[in-house]
Amino acid sequence: MPDRNRPSHSPDTTYTISELAKEFEVTTRTIRFYEEKGLIAPLRQGQKRLYTPADRVRIKLILRGKRIGMTLDECVEVIDMYDPAHNNSEQLRSLIDTVRDRRARFLQQRRDIDDMLAGLDEVQALCEQALADAGDTQ
DNA sequence: GTTCTCACA
DNA sequence: TGTGAGAA
């Protein structure tokens, strides 16, 4: 546990793989797997991996994307949009299109989830009504 | 505890 | 999309 005494918001804080694994409730194996897939690129201190706050954010984004059903490749696409590695105006226009497209897909996904939740509300209401009716006849 | 690689689903 | 095992 390096930087035990450094404030967690310090920009040069680093994390070990086990710290991040514990924090995000994944195995160290999983974090190495993400690295192998090119989703993160931690620093090295000899053989040991050292994760920067930026690496930590990337892992957080990966796991968030995963929770909403995105593939790792899709996570990469979204994460890369945060990267200001694009410079010329043609690339920037292209990025705006990508963001627009991604936004549209997220919005559709949100509408789908809302509809599914509404469906669950109906099912639950029916169940509760059925229980209440059964109670009346006993 | 961490690294890597190979196999496996 | 990961996990488990074995060896270093």
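We name chains A, B, ... by the order of the sequence lines, and we start the count at 1 in each one.
- Residues satisfying the side chain to side chain donor-acceptor pair (under 3.5 Å) test with A/Asp101, not counting sequence neighbours, are A/Arg105.
- Under the salt bridge (charged side-chain N to carboxylate O under 4.0 Å, His left out) criterion, A/Glu77 pairs with no residue, sequence neighbours left out.
- The salt bridge (charged side-chain N to carboxylate O under 4.0 Å, His left out) check on A/Arg32 picks up nothing, with sequence neighbours excluded.
- Contacts between residues 58-67 of chain A and DNA chain C, counted as heavy-atom distances below 4.0 Å, involve A/Lys66.
- To the nearest angstrom, P of C/dA5 lies 18 Å from CZ of A/Phe33.
- Remark: P of C/dT1 and CD1 of A/Ile40 are 15 Å apart, rounded to the nearest angstrom.
- For A/Phe106, the CZ atom is densely surrounded, since the number of other residues' heavy atoms within 6.0 Å is greater than 12.
- Among residues two or more places apart in sequence or in another chain, the side-chain contact (heavy atoms from CB on, under 4.5 Å) test is passed with A/Val76 by A/Leu39, A/Asp80.
- Taking only side-chain nitrogens and oxygens, A/Thr30 comes nearer than 4.0 Å to OP1 or OP2 of C/dT3.
- If you measure from atom CG of A/Leu50 to atom P of B/dT2, you get 11 Å, rounded to the nearest angstrom.
- The distance between atom CG of A/Leu43 and atom P of B/dT3, rounded to the nearest whole Å, is 13 Å.
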Given side chain to side chain donor-acceptor pair (under 3.5 Å), test A/Gln91 with A/Asn88 step by step and report yes or no. CA-CA 5 Å; A/Gln91 286 174 317; A/Asn88 71 56; 3.2 Å; yes
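- Every residue was checked against the side chain to side chain donor-acceptor pair (under 3.5 Å) condition with A/Gln109, not counting sequence neighbours, and none meets it.
- Going from atom CD1 of A/Ile31 over to atom P of C/dT1 covers 17 Å, rounded to whole Å.
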Once base and sugar-phosphate atoms are separated, protein heavy atoms under 4.0 Å mark nucleotides 4-9 of chain B, 5' to 3', with B, S and - as SBB---
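- Sorted by first then second residue, the salt bridge (charged side-chain N to carboxylate O under 4.0 Å, His left out) pairs that include residues 34-44 of chain A, not counting sequence neighbours, are A/Glu35-A/Arg44, A/Glu35-A/Arg49.
- At C/dT1, none of the side-chain N or O atoms of A/Tyr34 fall inside 4.0 Å of OP1 or OP2 (strictly under the cut-off).
- Residues meeting the side-chain contact (heavy atoms from CB on, under 4.5 Å) test with A/Asp114, sequence neighbours left out: A/Arg110, A/Leu117.
- Side-chain N/O atoms of A/Ser18 include one lying less than 4.0 angstrom from OP1 or OP2 on B/dT2.
- The distance between atom CD1 of A/Ile17 and atom C1' of B/dG1, rounded to the nearest whole Å, is 11 Å.
- Residue A/Thr27 has a polar side-chain atom (N or O) positioned under 4.0 Å from OP1 or OP2 of C/dT3.
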